[in-house]
**Student:** 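Can you keep this structure in mind? I'll have questions shortly.
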Amino acid sequence: MNTDIANFICRRLVGRVAIVTGGAHGIGKAYAQRLSDEGAHVVIADIDGPAAETSAATLSARPGAGRSIGFRVDVSNEESLAHMVSNTIEAFGRIDILINNAAIFATIPMSRLPFDEISVDEWDRMMNVNLKGSWLAVRAVAPVMKAQRYGKIINIASGTAFKGTGGRIHYVTSKAGMLGLTKSLANDLGAYNINVNCLAPGSTLSEENATEEIKAMREGKANKRPLARTQLPEDLVGAMAFFCASDSDFVTGQTLVVDGGVYMH
Ligand SMILES: NC(=O)c1ccc[n+]([C@@H]2O[C@H](COP(=O)([O-])OP(=O)(O)OC[C@H]3O[C@@H](n4cnc5c(N)ncnc54)[C@H](O)[C@@H]3O)[C@@H](O)[C@H]2O)c1
C-alpha cells in the first residue's frame, strides 16, 4: 500500500487480538496486514504453516506493529482449532476478533465444472473447509469470547452466493451457507456482546503469481461493474476493519457486498 495512505490508517485495534484463518495468502494476507496496521496482535492460522510463519514474521517486523504469530491450522479439524485457541491464549491472553476466511478457492484450487461433474469427494472437502470449518472455528473461540463478553466474528462469503454463479456449485453453496451461518450465530451470540457479520467479496485478483489467463479472467470483470476496474485485496480491508472496530458495535447479522457494485441489494 502507498505509504502516504498507510499513514492515515486509524489505530482502532490497539491491544486487540485477531485470528485470521487462511491469512497466509491472498486476501487473508491483506486482512492480516490491515489488522496489524490498526494495532492488533495478529494470529495467522493457515494450512500452509511455513507461509503463515513467514507472513507473521513480516508483519511483526513492520514499524509500530503489534506482535504477530503464525502456525499451521486445518480449520476442518477440531483438534487443530483447539490448538489454535490454546496457542493464541498462551501468546496473548485473549481473542477479540475471528476472520473466517480460510477456503478452498485459489491457493488450494477448486474445480470449475458443471454441477454434475463435481466429484462427491470434492463436494465434501469444500463443505468441510469452507462451511463446517467456519462453524468449528466459531465453536472453538466462542468460550473465550463469551467469558470476555466481547467478540467480533467476520465470516467471508462471496458475491457468487447472490448471483448463483454456475460451474462451481460446491463453492457457491458453501458460500451461500455463510449467509445463514452469520445470521444464526448473530442471534445466538448477541447476548454475549459478540457481533457476527459477513463480507461478500466480488471477483478479486488475489492470486500470487497470477498467470495471464487468471489476470484476463479477473480483469474481464471490470466492465461489468459500476466502479469499472479490477478488484484487489486492498479493496476489502476497509470493510473488514469496520466490522472489527467499535464503529460497528451495533451492527450484527449483516452481510456487506464489496464488489464495485455488481450485486446491489
Ligand atoms: N478472490 C476472489 O475472487 C474471491 C471472491 C469472493 C470470495 N472470496 C473468498 O475470500 C477468501 C480468500 O480468498 P483468496 O482469493 O485469498 O483465496 P486463497 O485460496 O488464496 O486463500 C485461502 C486461504 O485459505 C487457506 N486454507 C485452505 N484450506 C485451509 C484449511 N483447511 N485450514 C486453514 N487454512 C486453509 C489457504 O492456504 C489460503 O491461504 C476465501 O474465503 C474466498 O472464498 C474470494
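For ligands, and for the atoms within them, numbers begin at 1 and follow the listed sequence. Everything numeric in this text was worked out from a predicted model, so none of it was measured. Throughout, numbering of the chain's residues begins at 1 and tracks the sequence.
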**Student:** Whether K183 and D188 form a salt bridge (side-chain N of Lys/Arg under 4.0 Å from carboxylate O of Asp/Glu) is what I want to check.
**Tutor:** no

**Student:** Using every non-hydrogen atom in the two residues, find where A191 and R149 come nearest and quote the distance to one decimal.
**Tutor:** O-NH2, 2.7 Å

**Student:** Any cation-pi pair here, R125 with W123, using under 6.0 Å and within 45°?
**Tutor:** no

**Student:** For the pair D37 and R62, find out whether any cationic side-chain nitrogen is under 4.0 Å from an anionic carboxylate oxygen.
**Tutor:** yes

**Student:** Once you measure the plane-to-plane angle for F71 and H83, does it fall in the parallel (<30°), tilted (30-60°) or perpendicular (>60°) bin?
**Tutor:** perpendicular

**Student:** Anything under 3.5 Å between a donor and an acceptor, one on a side chain of residues 200-207, the other on a protein residue two or more places apart or in another chain? List them.
**Tutor:**
residue, atom, partner, partner atom, Å
S203, OG, R218, NH1, 2.8
T204, OG1, G202, O, 2.7
E207, OE1, R218, NE, 3.3
E207, OE2, R218, NE, 3.4
E207, OE2, R218, NH2, 2.7

**Student:** I'd like the residue list for ligand 1, meaning every protein residue with a non-hydrogen atom under 4.0 Å from the ligand.
**Tutor:** G22, H25, G26, I27, D46, I47, V73, D74, V75, N101, A102, A103, F105, A106, T107, I108, V129, I156, A157, S158, Y171, K175, P201, G202, S203, T204, S206, R218

